[in-house]
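Quantities reported herein were computed from a predicted structural model and do not represent experimental measurements.
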Amino acid sequence: MNRLPGSLLLALLAVALVAALTATLLPVLGLASSALLFLLPVLLAATRGGLWPGLLAALAGTAAYNFLLVEPRYTFRVDRLDGLVSVCVLAMVALVTSRLATRLLLREAEANSRAAASAELAQLSAVLAAGPASKALTHGLAFVSQHYGTARLIDTATPPEGDAAFSSIDLAAAAWALHNGDCTGHGTEIIGAADWSFVPIVPKNRSDQAVLALARPLEGGARTPADLEQVHQLAALLGQCRDRANLDRERSERALKREVFRRD
């Protein structure tokens, strides 16, 4: 994490602030209240930076509490049993608090990620529902390209052979995806050396197989399994729109044939 050094520094600064406050006001606050105050840096560090800053705040806070407040003060010795108990309890509570705060932070991040993914699916659904299916499909591909890199639809009727954008490895990955109906290419375990990812847009048992081809991300990183899972759901929406476009085209062709037959 790029924020880790700053989060560690924040943890130490927060502990130092609480240590100075409790050392100054110990006669007023007492040991019990002072110990509780050392949990505040733990919560702050864990929620801002995650597990390691939280653990650092817990350990630094326990050490500061022992050194500054527990008799004999300004040493790490603990001569009395109640002092030893208070130090151990503070350490355990601080560690547990750090873990709990970190788990809550991770759950919040997961919830935000799921919400963002759902919102993206809703946006694409709205794009694909607007206007004729053929035009909506074009707009949907533009939407996916904007968020994930250059996107194309490839099917058995329009193979990518001869397209300069695809290398021989990409062509092999595309052929595998069309034949087997599996996610193939960049970011997957099947022909992962390819620069493009190929994601099926129709179920495996369909004879008219088609895939969504996505170029490698512009920032140069690798697609994660979570990215591919989201793309798979987006591809399913594109597949439904493609089916509607094909159905509209077939209806138009039948209507044209009936019109020609009626005139004859």
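- Between W196 and F166, the ring planes lie tilted relative to each other; the angle falls in the 30° to 60° range.
- With hydrophobic clusters built from ILVMFWY side chains whose heavy atoms lie under 4.5 angstrom apart, L234 shares a cluster with L238.
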- Item | Audit row: R249, S134, side-chain contact (heavy atoms from CB on, under 4.5 Å) steps and yes/no | CA-CA 9 Å; R249 185 177 63 254; S134 57; over 6 Å; no

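- Under a hydrophobic clustering in which Ile, Leu, Val, Met, Phe, Trp and Tyr are joined whenever their side-chain heavy atoms come within less than 4.5 Å, directly or via other members, V87 and L29 fall into the same cluster.
- By the 4.5 Å heavy-atom criterion applied to side chains, V127 and Q123 are not counted as neighbours.
- D248 places no side-chain N or O within donor-acceptor distance of the main-chain N or O of A245, the cut-off being under 3.5 Å.
- Nearest heavy-atom pair across A64 and V15 is CB-CG1, 4.3 Å.
- The aromatic rings of H147 and F143 lie tilted to each other, with the angle between the two planes from 30° to 60°.
- Nearest heavy atom pair, residue A11 against residue A45, reads CB-CB, 3.6 Å.
- Using a 4.5 Å cut-off on side-chain heavy atoms (C-beta onward), L40 and L37 make contact.
- To the nearest 0.5 Å, atom CG of residue L26 and atom CG of residue L31 are 5.5 Å apart.
- A174 approaches F198 most closely through the heavy-atom pair CB-CE2, 3.6 Å.
- Atom OG in S113 sits 8.0 Å away from atom CD in Q230 (nearest 0.5 Å).
- Both V85 and L69 belong to a common hydrophobic cluster when Ile, Leu, Val, Met, Phe, Trp and Tyr are linked at side-chain heavy-atom distances under 4.5 angstrom.
- Remark: side-chain polar atoms of T97 are paired, donor with acceptor, to backbone N or O of V93 under 3.5 angstrom.
- Of the possible donor and acceptor atoms, one in the side chain of N112 sits under 3.5 Å from a partner among the backbone N and O of E108.
- Clustering ILVMFWY residues whenever any of their side-chain heavy atoms sit less than 4.5 angstrom apart, transitively, puts L141 in the very cluster that holds V199.
- Atom CZ in R251 sits 4.0 Å away from atom CG in L247 (nearest 0.5 Å).
- Of the possible polar contacts, none joining the T22 side chain to the S34 backbone as a donor-acceptor pair under 3.5 Å is found.
- Follow the hydrophobic side-chain contacts under 4.5 Å out from L36 and you reach F67 in the same cluster.
- For residues 193-205, every residue pair satisfying the salt bridge (charged side-chain N to carboxylate O under 4.0 Å, His left out) rule, not counting sequence neighbours, is listed here: D182-K204, D195-R216.
- R244 is linked by a salt bridge (Lys or Arg N to Asp or Glu O under 4.0 Å) to nothing, counting only residues two or more places apart in sequence or in another chain.
- Every side-chain hydrogen bond (donor to acceptor under 3.5 Å, both in side chains) that D243 has, sequence neighbours left out, goes to R206.
- Residue-environment remark: CD (E161) exceeds the threshold of 12 foreign heavy atoms within 6.0 Å.
- No more than 12 heavy-atom neighbours from other residues, nucleotides or ligands sit within 6.0 angstrom of CZ on R107.
- Summarising the geometry, atom CG belonging to D170 is positioned 11.5 Å from atom OG1 belonging to T184; distances are rounded to the nearest 0.5 Å.
- Across all their heavy atoms, L43 and A101 have their closest contact at CD2-CB, 4.3 Å.
- Within the structure, the ring-ring contact (aromatic ring centres under 6.0 Å, His included) test picks out no pair touching residues 95-134 (sequence neighbours left out).
- Looking only at distances, a side-chain donor or acceptor of R223 sits under 3.5 Å from a matching main-chain atom of Y148.
- Applying the ring-ring contact (aromatic ring centres under 6.0 Å, His included) definition to pairs two or more places apart or across chains, none involves residues 89-111.
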- Task: Take Q209 and N180 through the test side-chain contact (heavy atoms from CB on, under 4.5 Å) and record every step on the way to the result.
- Result: CA-CA 9 Å; Q209 274 296 324; N180 296 281; over 6 Å; no

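- P217 and H186 make their closest contact through CD-NE2, 3.7 Å (heavy atoms, listed as atom of the first residue, atom of the second, distance).
- Looking only at side-chain heavy atoms (C-beta outward), L237 and Q240 come within less than 4.5 Å of each other.
- Within the structure, ring-ring contact (aromatic ring centres under 6.0 Å, His included) contacts touching residues 101-141 (residues at least two apart or in different chains) do not occur.
- In this structure a side-chain-to-backbone donor-acceptor pair under 3.5 Å is present from T75 to P72.
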- Item | Trace of the side-chain contact (heavy atoms from CB on, under 4.5 Å) decision for C183 with T188 | CA-CA 7 Å; C183 291; T188 73; 4.2 Å; yes

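- The two residues L12 and A60 come nearest to each other via the heavy atoms CD2-CB, 4.1 Å.
- Partner I201 forms a side-chain contact (heavy atoms from CB on, under 4.5 Å) with one of I154, V211, L212 and no other, that one being L212.
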- Verdict with supporting geometry, T156 and D208, side-chain contact (heavy atoms from CB on, under 4.5 Å): CA-CA 7 Å; T156 53; D208 56 335; 5.6 Å; no

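- If you take OG on S125 and CD on E120, they are separated by 10.5 Å, rounding to the nearest 0.5 Å.
- At least one side-chain heavy atom of L214 sits under 4.5 Å from a side-chain heavy atom of V231.
- How far CG of L56 is from CG of L10: 10.5 Å, rounded to the nearest 0.5 Å.
- S145 places a side-chain N or O within 3.5 Å of a backbone atom of A151 that can act as its donor or acceptor partner.
- No side-chain heavy atom of S167 sits under 4.5 Å from any side-chain heavy atom of L171.
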